[in-house]
Amino acid sequence: MAEGKKILVVNGPNLNLLGTREPEIYGDKTLDDVRALLLAAAGKLGVSLDFFQSNVEGDIINYLHKNRVADGLVINPAAFTHTSIALRDAIAAIGIPAVEVHLSNIHAREEFRRVSYIAPVCIGQISGFGIQSYLLGLEALVDYLSVNLGK
Ligand code: DHK
């Protein structure tokens, strides 16, 4: 059981604008909607969540370092997915199970979005289901924690 475990939910650049930002790609739901969706699920799953969003790469890395005692990570690295070796190294360094999530299907968009520096240091990637990607990511992570790690 993953009960009582602490999960970090991290969002990268421009996701603070979710809801108004290119809604035809990212949908009309806001980051507060994501938060509400995940909090409702966390209540049922018996896990606690800590949310963090930043447009600054170093701030995300510092947050991960500071919170490395957590049990798991759901992360939408946004554009840092395709650029940041530093963020990839941070996730590898803290060594907690991570799931990469994306609102849009990054594999069906521009060529440069098909590459993720982050995916290789994650358990897996969920992409293309709008804000449901976060919920699927959380459920997959909790399942992984209870089944694979016996937590
Ligand atoms: C969000 C972004 O901001 C983009 O830079 C990524 C991702 C895709 C998403 O779909 O959630 O390429």
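Computation of the quantities below employed the complete heavy-atom set of this structure, encompassing side-chain atoms and omitting hydrogens, waters and symmetry-equivalent molecules. Order of appearance sets the numbers: ligands from 1, and atoms from 1 within every ligand. All residue numbers refer to positions in the sequence shown, counting from 1.
- Residue contacts with ligand 1: Leu15 is placed with no nitrogen or oxygen under 3.5 Å of a nitrogen or oxygen of the ligand (distance criterion only).
- Proximity of Asn76 to ligand 1, defined as any heavy-atom pair under 4.0 Å, is confined to the side chain (atoms from C-beta onward).
- Which of Ser133, Gly12, Ser116, Ser104 comes nearest to atom 10 (O) of ligand 1 through a heavy atom is settled by distance: it is Ser104.
- For the residue pair Glu100/Ser116, the side-chain donor-acceptor check at 3.5 Å is satisfied.
- Nearest to atom 2 (C) of ligand 1 by heavy atom, out of Tyr26, Phe129, Tyr134, is Tyr26.
- With a 4.0 Å cut-off on non-hydrogen atoms, Ile106 touches ligand 1 through its side chain and not its backbone.
- Of the possible donor and acceptor atoms, one in the side chain of Asn67 sits under 3.5 Å from a partner among the backbone N and O of Tyr63.
- Both tests do not hold together for Arg88 against Tyr117: distance to the six-membered ring centre under 6.0 Å, angle to the ring axis within 45°.
- In summary, the side chains of Gln125 and His107 do present a donor paired with an acceptor at a separation below 3.5 Å, with no hydrogens or angles considered.
- Within the 4.0 Å heavy-atom criterion, neither part of Glu110 lies near ligand 1.
- If you check each of His82, Arg21, Arg114 against atom 6 (C) of ligand 1, the one with the closest non-hydrogen atom is His82.
- Here CG of Leu103 is found 9.0 Å from OG of Ser127. Values are rounded to the nearest 0.5 Å.
- Contacts between His102 and ligand 1, counted as non-hydrogen atom pairs separated by less than 4.0 Å, involve both the backbone and the side chain.
- For the residue pair Gln53/Asn55, the side-chain donor-acceptor check at 3.5 Å is satisfied.
- The protein atom (non-hydrogen) at minimum distance from atom 9 (C) of ligand 1 is Leu103 N, 3.4 Å.
- Under the 3.5 Å distance criterion, with hydrogens and angles disregarded, a donor-acceptor pair is assigned to the side chains of Asn11 and Tyr134.
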